[in-house]
K.L.:
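Mind having a look at this structure? Questions to follow.
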2 protein chains.
Amino acid sequence: MIPHYGLIGEYEVSLDAKGRFRMPAGLLKKLGDTDHLQFVIRQGWDPHLTLYPRPVWEKEIEALNQRSELDPRVKQYAQAFWRGANEVSLDSADRIQLPKRLQTYASQVSKLILTAREDKIEIWTETEYDKLLEVPAEDYAALGRELFGNLPAYPVNPPA
Amino acid sequence: MIPHYGLIGEYEVSLDAKGRFRMPAGLLKKLGDTDHLQFVIRQGWDPHLTLYPRPVWEKEIEALNQRSELDPRVKQYAQAFWRGANEVSLDSADRIQLPKRLQTYASQVSKLILTAREDKIEIWTETEYDKLLEVPAEDYAALGRELFGNLPAYPVNPPA
DNA sequence: ACATTTTCCCACTTTTACCCACTAAATTTC
DNA sequence: GAAATTTAGTGGGTAAAAGTGGGAAAATGT
């Protein structure tokens with residue numbers, strides 16, 4: 001059974017000259033015993049990396065494998081999903097070393113944003129992350145209304 | 001029973017003047033005792049080569065043979081499958097020598113990308129591999145939704 | 001028998017992992 | 001509330017591992 005990590009939080013971490021960043025203490029607590037915990041990191045199609053605790057990654061792959069790769073679309077999707085996939089782990093100072101190939105994503109950047117959600121951690125450069133905020137709050141509110149329909153309206157930006 | 005290799009990782013390897021590349025240490029560990037392990041390498045229909053540990057190759061062939069007597073088209077398929085298939089192994093420095101005939105795929109290239117997925121290893125030239133990313137992120141997100149159903153919509157590139 | 005290809009071996013370079021030491025921040029203690 | 005102690009985060013030297021290159025012996029094929 002997969003542990004329920006209940007990860008949460010947004011963290012600013014710094015990337016050192018060797019391409020390492022420290023797992024914030026807040027996440028370490030949630031992850032439990034990280035002595036033998038492996039992670040998988042991948043480059044998805046979005047402009048960020050995703051970090052999975054090993055058991056979570058395996059669950060995702062299992063879902064992927066339900067579909068036959070004889071379907072060319074499934075094959076293409078799977079190939080893209082596996083793109084940049086690498087096994088990583090924490091060093092003795094609780095840091096993660098970004099694989100060489102994924103460092104290009106974070107090239108020349110010394111600061112990264114981690115966003116933890118339930119059982120995955122997204123890794124963004126600050127500039128890419130800020131782009132998310134360029135969307136006016138009202139657009140998200142509208143989107144939410146569209147998706148979740150007739151829930152009672154709740155003001156995102158309450159009237160001053 | 002076929003060992004469950006659980007291969008994972010994307011590696012950049014360099015092809016030397018003799019057409020050899022080294023099996024990355026990360027994969028060697030997963031493959032276990034490679035002293036007597038043989039591999040089969042073949043050119044598929046996609047623009048990459050596929051490398052199978054021997055037991056995995058045999059499983060594939062067996063699945064193919066289940067049907068080959070029944071349908072002449074399957075036989076034709078099997079023949080194509082075998083074409084370009086070569087047995088290879090690791091040398092004393094854990095390198096694989098690309099068979100002469102398959103070197104044309106990787107001709108004039110000094111860098112290859114290996115992508116390991118569960119029990120097979122794909123071998124790409126960098127340019128071909130990068131083409132995967134030419135597909136816009138939205139397309140993958142949409143494909144994922146189509147394949148795996150009602151995933152929650154999450155704006156990849158939020159509306160302007 | 002000769003030329004080409006493959007394999008083995010050794011030496012070298014680069015990268016990674018481990019370790020230790022340090023600074024900064026937060027928390028506790030008196 | 002200032003000093004002391006613990007916890008969080010950073011930086012870098014160094015030994016070990018990973019990866020590279022090429023000479024030369026062995027094998028292969030014509």
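In what follows, chains carry the letters A, B, and so on, assigned in the order in which the sequence lines appear, proteins first and then strands, with residues in each chain numbered from 1.
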K.L.:
I want to confirm an ordering. Mapping A/A17 and A/M23 to their closest nucleotides on DNA chain D, which one lands closer to the 5' end?
P.N.:
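The 5'-side residue here is A/M23.
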
K.L.:
Output the single nucleotide from D/dA18, D/dG21, D/dG9 whose closest atom is nearest the side chain of B/R22.
P.N.:
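Of all the options, the side chain of B/R22 is nearest to D/dA18.
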
K.L.:
Is the ring pair A/W57/A/F81 parallel, tilted or perpendicular, if the boundaries are 30 and 60 degrees?
P.N.:
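Plane angle under 30°, so parallel.
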
K.L.:
Quick one: closest heavy-atom pair of B/R42 and B/A85, and the distance?
P.N.:
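Heavy atoms only, the tightest pair is CB-CA, 3.9 Å.
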
K.L.:
Take the protein atom CG of A/D94 and the nucleotide atom P of C/dA17, then report the distance between them rounded to whole Å.
P.N.:
15 Å

K.L.:
Walk me through whether A/E122 and A/Y129 qualify under side-chain hydrogen bond (donor to acceptor under 3.5 Å, both in side chains).
P.N.:
CA-CA 10 Å; A/E122 289 179 0; A/Y129 193 63; over 6 Å; no

K.L.:
Does A/S92 have a side-chain nitrogen or oxygen under 4.0 Å from the phosphate oxygens OP1 or OP2 of C/dC18?
P.N.:
no

K.L.:
Write down the distance between CD (A/Q97) and C1' (C/dT15), rounded to a whole number of angstrom.
P.N.:
9 Å

K.L.:
What's the closest nucleotide to the side chain of B/R95 if the choices are D/dG21, D/dT10, D/dG19?
P.N.:
D/dG21

K.L.:
Round to a whole Å and report the spacing from CD1 of B/I96 to P of D/dG19.
P.N.:
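Checked: the CD1 to P distance equals 14 Å.
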
K.L.:
Measure OH/B/Y11 against P/C/dT15 and give the value in whole Å, please.
P.N.:
17 Å

K.L.:
Under the side-chain hydrogen bond (donor to acceptor under 3.5 Å, both in side chains) criterion, do B/D46 and A/Q79 qualify, and how do the steps go?
P.N.:
CA-CA 12 Å; B/D46 299 329; A/Q79 242 155 17; 4.9 Å; no

K.L.:
What residues in residues 30-39 of chain B put a non-hydrogen atom under 4.0 Å from any atom of DNA chain D?
P.N.:
none

K.L.:
Think B/R95 forms a cation-pi with B/F21, using NZ or CZ under 6.0 Å from the six-ring centre and within 45 degrees of its axis?
P.N.:
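Cation-pi check for B/R95 and B/F21: fails.
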
K.L.:
Sub-3.5 Å donor-acceptor pair from the side chain of A/Q103 to the main-chain atoms of A/Q97, do we have one?
P.N.:
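It does not hold such a pair.
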
K.L.:
Report the distance from atom CG of B/D91 to atom C1' of C/dC9, rounded to the nearest whole Å.
P.N.:
10 Å

K.L.:
Provide, to the nearest angstrom, the distance between the CG atom belonging to A/L90 and the P atom belonging to C/dT16.
P.N.:
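Spelled out: CG on A/L90 to P on C/dT16 is 17 Å.
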
K.L.:
Is the shortest side-chain N/O distance from A/K111 to OP1 or OP2 of D/dG9 below 4.0 Å?
P.N.:
no

K.L.:
On DNA chain D, compare the nucleotides closest to B/R20 and A/A25; which residue's is nearer the 5' end?
P.N.:
A/A25

K.L.:
With the side chain counted from C-beta on, respond yes when B/E12 and B/I113 share a heavy-atom pair under 4.5 Å apart, and no when they do not.
P.N.:
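Of all side-chain heavy-atom pairs linking B/I113 with B/E12, at least one is under 4.5 Å.
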
K.L.:
Between B/K18 and C/dT6, is there a side-chain N or O to OP1/OP2 distance below 4.0 Å?
P.N.:
no

K.L.:
Just how far, in rounded Å, is P of C/dT5 from CG of B/L98?
P.N.:
15 Å

K.L.:
Nearest of D/dA18, D/dG21, C/dC18 to any side-chain atom of B/D16?
P.N.:
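Taking heavy atoms from C-beta onward, the closest nucleotide is D/dG21.
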
K.L.:
Can you tell me how far P of D/dG21 sits from CG of B/L15, to the nearest Å?
P.N.:
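For the pair B/L15 CG and D/dG21 P, the rounded distance is 10 Å.
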
